[in-house]
Amino acid sequence: MFRKISGTKDILPQEADVLQQIEVTSRNIFSLYGYRQIRTPILEDAALFDRSLGKSAEIVQKQMFLIKNKEEVYALRPEGTAGIVRAYIENNLDKSLGFAKLYYLGPMFRFERPQKGRLRQFHHIGAEAIGSTAAELDAEVISLANSLLQGFGISGYKIKINSLGCAKDRKGLSDSLQRWLKGKAGDLCPDCQQRLEKNALRVLDCKNESCRAVVDKLDITGGHLCPECAAHFLRVKECLDISGISYEVSPRLVRGLDYYTRTVFEITHPDLGAQDAIGAGGRYDDLVKELGGPVAPAIGFAFGVERLLLATSDQRPATSDHLVYLITLGQEAKKEGLKILQELRGSGVACDTDYEEKSLKGAMRRANDLGATSVLIIGDDELKKNVITLKDMANSQQREISRQDIVKELRSSC
Ligand code: HAM
């Protein structure tokens, strides 16, 4: 027997129902905020991610699924932002859309050690707003993430924000960290000892307990920000306060990708265990330019869908509001049933029937399990009288409806 690859997941119907609900809610809320969908390929040139996420990023160093084809190296995308920026530049969206608000849903791939909430194939729901430095936009993007979570019925999460500042401020913070941590290298994990050399900011992100203990003693208070970046961050916080969004400033919050500048944020949920981030994002003001495009400061975020599912307590299947279940007794009734199913579905009424030759009792049980709102029964009696028995599952009342009125009757109750 074949088994699924470690770190991948079969999404079975019950979970797929919940996922679809999440997707429907997302599309509605994205459109309320003026975002339009973009779909980029799952396969991209691997070099795109080296350039945008940074050569020393953990994802690029250790987690890329690569496909080598003669001279070319493709990657299964580990995240969505780089591909969207590539598409924005390649399709001249700065000219056709100007300021662009884009959203996406789809699979991402990272070769990680699987554990709860950490998969090798997972899904992102994300948004990117490209073409503005306005602090109001940062607040709007965080508000969008907050509205999505509320729309999914998730509560108890925490929004943590920080500002890394511009590229110069970031470098300043990184250099200071290198100085502060040099003498403590022995207390850091082997990965962080390397990070200290290549990109000291990443030490702040390490989950290792000994590294955390060292980092927790550092006095980081945002003093690395230049006056413009400090003013921008102040304005972001003001806008969030005005919008009534709760957040926490977390001066040690950095992100594992090189493209971030200024505002970064992370949303955590207590039900998730060690991998507690349900979503994260931030500004990337220089990325479009660095990848060969125009000056187009941007901000975005992505939710990990599988982590949203872990944080969604209500995992009941999203049964449709109205489902008609048809029970036929005998061959002639079965033929008539085929016509009725066609007519009902053609009129937009959701319906299903028994394909397992169940008894009347068994079929009624099945209708109940599926959450049917009405049951139609056709047997010899009904055929003779040219009627159909309609049972209302809410009150168990049963009545006969004339055959030609059945679609009208069921459409009016949907
Ligand atoms: P990220 O923090 O790498 O950011 O991923 C976003 C979210 O994806 C995480 O907070 C987490 O919920 C989920 N996630 C990440 N890795 C896994 C995994 N192996 N298994 C399950 N879920 C996972 C980004 O990818 C950025 N592109 C976000 C962004 C958009 N920044 C600006 N725009």
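For ligands, and for the atoms within them, numbers begin at 1 and follow the listed sequence.
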Practice item. Tell me the residues surrounding ligand 1, counting only those with a heavy atom closer than 4.0 angstrom, sorted by chain and number. Key: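 Close residues (ligand 1, cut-off 4.0 Å): Glu79, Thr81, Tyr104, Arg110, Glu112, Gly117, Arg118, Leu119, Phe122, His124, Glu128, Arg255, Tyr259, Tyr260, Ala277, Ile278, Gly279, Ala280, Gly281, Gly282, Tyr284, Gly300, Phe301, Ala302, Gly304, Arg307.
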
Practice item. To the nearest 0.5 angstrom, please state how far the CG atom of Asp17 sits from the CD1 atom of Ile22. Key: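 Output value for this atom pair is 11.5 Å.
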
Check your understanding: Who are the salt bridge (Lys or Arg N to Asp or Glu O under 4.0 Å) partners of Arg262, not counting sequence neighbours?
Key ->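 Checked Arg262 against salt bridge (Lys or Arg N to Asp or Glu O under 4.0 Å); zero matches.
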
**Study point:** Non-neighbouring partners of Lys289 that pass salt bridge (Lys or Arg N to Asp or Glu O under 4.0 Å), sequence neighbours left out
**Key:**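 With neighbours one apart ignored, the set is empty.
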
Exercise for review: State whether a side-chain donor-acceptor pair under 3.5 Å links Asp138 with Thr263.
Suggested key: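 Indeed, the side chains of Asp138 and Thr263 share at least one donor-acceptor pair under 3.5 Å.
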
Review point. Donor-acceptor pair, Glu44 side chain versus Leu76 backbone, under 3.5 Å?
Key: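 Not at all, since once roles are kept as given, no pair shorter than 3.5 Å links the two residues.
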
Point to revise | Inter- and intrachain pairs under salt bridge (Lys or Arg N to Asp or Glu O under 4.0 Å), touching residues 55-68, at least two apart | key: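 Sorted pair list: Asp50-Lys55, Glu58-Arg195, Lys62-Asp191.
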
